[in-house]
There are 2 protein chains.
Amino acid sequence: MAPKTRDLLISAAADLLDQGGLEAVTLREVSHRAGVSHNAPYKHFADKEALLAAVAAKEMTRLGSTFAALEADHSAPEDMLRSAMREYVVWALSYPARFKLVFGTWTTGTEELAMAAESSRTILIGLVGTAQRAGVLPSGDVERTAALLQAVVHGAVDLALSGHLAIGGKGHASPEDLVDDLLRHLRISATAATHRKS
Amino acid sequence: MAPKTRDLLISAAADLLDQGGLEAVTLREVSHRAGVSHNAPYKHFADKEALLAAVAAKEMTRLGSTFAALEADHSAPEDMLRSAMREYVVWALSYPARFKLVFGTWTTGTEELAMAAESSRTILIGLVGTAQRAGVLPSGDVERTAALLQAVVHGAVDLALSGHLAIGGKGHASPEDLVDDLLRHLRISATAATHRKS
DNA sequence: ACCTGAACACCGTTCAAGT
DNA sequence: ACCTGAACACCGTTCAAGT
C-alpha cells in the first residue's frame, strides 16, 4: 500500500535532516517534499517538535532492533557487546543529525521516544548481563555497567562529531579505539577480581 | 572601565542561553538587552553563528582555566583527575545550553573555539600523564587515555541531560558515579599490569 | 477526517543613511 | 568606527473555508 501522508512527512524530515542538518528541516520544505500544503502537517502533528519527536522515536527503535538482532546471533558475549557498540558508532557517524536529534533537548515530554529508548536500553542491559556472567565484564550493578559502556560510546561519538577528539595526533583515538580500550580494561579488572577471589 | 558593546552582546547571549536555551537567543533580543539596535551586532560579528562561537570560546576558555587551577593544587594525582572530571560535570549540568553549544555542530570553522579546546585538552593530558606516572592510570598513549576519560564524562553528562541515563533505577548511574567507576577500573587495570611486570 | 490559501507575528540579514 | 530605521525573504502557527 502507498505510504500515508504522516509517514511521508516523517521520511521527508529525515531526508532533510541528513542533507542539511536540523536547520534545513522547515515545515514548509517538509510539506513540499511530501506533496502537501505547508500547513497540512498540523493535521498529523501538534507542532514541528512533535514531528521531530516522531523521527527520533523511529530512529531509536531502529537502533534497538539492530541490538536485538545481535542478541540472536549467539556469538561470544564480548564480541556481541563490541558489535553493539560498533553499531552505535556507525549509526551516529552515518547520520549525525539524527543522532544529535535523538539525544537533543526536548522541551515537551516525548512519550514515544522515551519508550523506544527504554526498550533499547533493556536490550543492551541484557547483553551486558551475559558478558558479566561470562567473566569478561566486572560484576556489579548491570544497569550501571551498561551505563558506563553507553557513556563511552556516546561521548566518543559526540566528541568525534564536534571535532574535539584527537584523531589526527599520534593517539589516533577513534570512537572504535576508545570502546576497545574500555572493554580491554574492564576485562582486566574483571579478571583481577576473579583471581583475588579464587 | 565600562564593558564595550561586543562584550555586552556576548554576555546577553550567554544569559539568554541559560534562561531559555538556544532557541531563546535571538539577535533582536540580544541587541535589546545590550541596549543597541537589532542590527548593531553585525558591526562586531559576521553573523549570529559568529556571536555564538564567541560565547562558546569564552566558555571553553573558562573550563580550561579551572583545569589549570587544579594542576596548581598539587594534590594526589587521582584526586586532581577526579576533581577535573567533577568540574566538567558540574559545569555541564549547571549550564546545559552552553555545554550543548560548545560541543554542537559548527558549520563554519571557528578558530577561536578550536584553540581554546586544544588548550584545555593539553592541560587535561598533563593531568593524565601525571596520574599514569603515579601508577593510578594504565600506561599507554597519554592522548588516547585522556580521550577515554573525556569520552566517559562527556557521554555521561550528555546522556544525563537528555534523560537517557538511568538515574531513577537501582543502578543510580549519575555522571559522577560513572566517572568514579571508570577511574576505579582503570586503577585496577594499571595495578594488574604492574604486578604482572614485577 | 484531511487539506488549502490567506494572514500574523517573528526572525536573520542587508542597505542607505546618520554621527 | 559604530549605530539606526526601513525593508526583504523566510519561517512557525492559526483560522476560516473547502471536500
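Residue numbers begin at 1 in each chain, while the letters A, B, ... track the order of the sequences. Values reported hereafter were calculated over all heavy atoms of this structure, with side chains retained and with hydrogens, waters and symmetry mates removed. Nothing here was measured: the structure is a model prediction, and the numbers come from that model.
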Requested in this report: If a protein heavy atom is under 4.0 Å from the base, mark B; if only from the sugar-phosphate, S; if neither, -; do that for nucleotides 5-15 of chain D going 5' to 3'.
Outcome: BBB---BBBBB

Query raised in the report: Reading DNA chain C 5' to 3', how would its secondary structure be written in dot-bracket notation, given Watson-Crick and G-U pairs with both distances under 3.5 Å, brackets [ ] for crossing pairs and | for partners on other strands?
Result: ||.|||||...|||||.||

Report task. Identify, with sequence neighbours excluded, every residue that meets side chain to side chain donor-acceptor pair (under 3.5 Å) alongside B:Arg28. Result ->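 Checked B:Arg28 against side chain to side chain donor-acceptor pair (under 3.5 Å); zero matches.
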
Query - Check: A:Phe99 ring centre within less than 6.0 Å of A:Phe103 ring centre - result: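 Yes, they do, as the ring centres are separated by less than 6.0 Å.
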
Report task. Show your working on side chain to side chain donor-acceptor pair (under 3.5 Å) between A:Ser37 and A:Asn39 and close with a plain yes or no. Result -> CA-CA 6 Å; A:Ser37 79; A:Asn39 34 22; 2.8 Å; yes

Query raised in the report: So how far is it from B:Leu51 CG to B:His44 NE2, rounded to the nearest 0.5 Å?
Result: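 Between atom CG of B:Leu51 and atom NE2 of B:His44 there are 10.5 Å.
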
Query raised in the report: Just to confirm, is there a sub-4.0 Å distance from OP1 or OP2 of D:dC2 to any side-chain nitrogen or oxygen of B:Thr5?
Result: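 It does not, given that no N or O in the side chain of B:Thr5 lies less than 4.0 Å from OP1 or OP2 of D:dC2.
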
Query raised in the report: Does atom NZ of A:Lys58 have more than 12 heavy-atom neighbours from other groups under 6.0 Å away?
Result: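 Not more than 12 within 6.0 Å, no.
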
**Report entry** Non-hydrogen side-chain atoms of A:His164 and B:Met60 separated by less than 4.5 Å
**Finding:**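 They are in contact (side-chain heavy atoms under 4.5 Å apart), so the answer is yes.
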
Query raised in the report: Looking at side-chain heavy atoms only, is the closest gap between B:Thr107 and A:Glu23 below 4.5 Å?
Result: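 A side-chain contact exists here, since the closest heavy-atom pair is under 4.5 Å.
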
Query - Minimum-distance pair of heavy atoms, taken over all atoms of A:Ala13 and A:Val30 - result: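 Looking at all heavy atoms of both residues, the closest pair is CA-CG2, 4.0 Å.
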
Report task. In whole angstrom, give the distance that lies between atom NE2 of B:His32 and atom P of D:dC3. Result ->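 Taking atom P of D:dC3 as the reference, NE2 of B:His32 is at 16 Å.
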
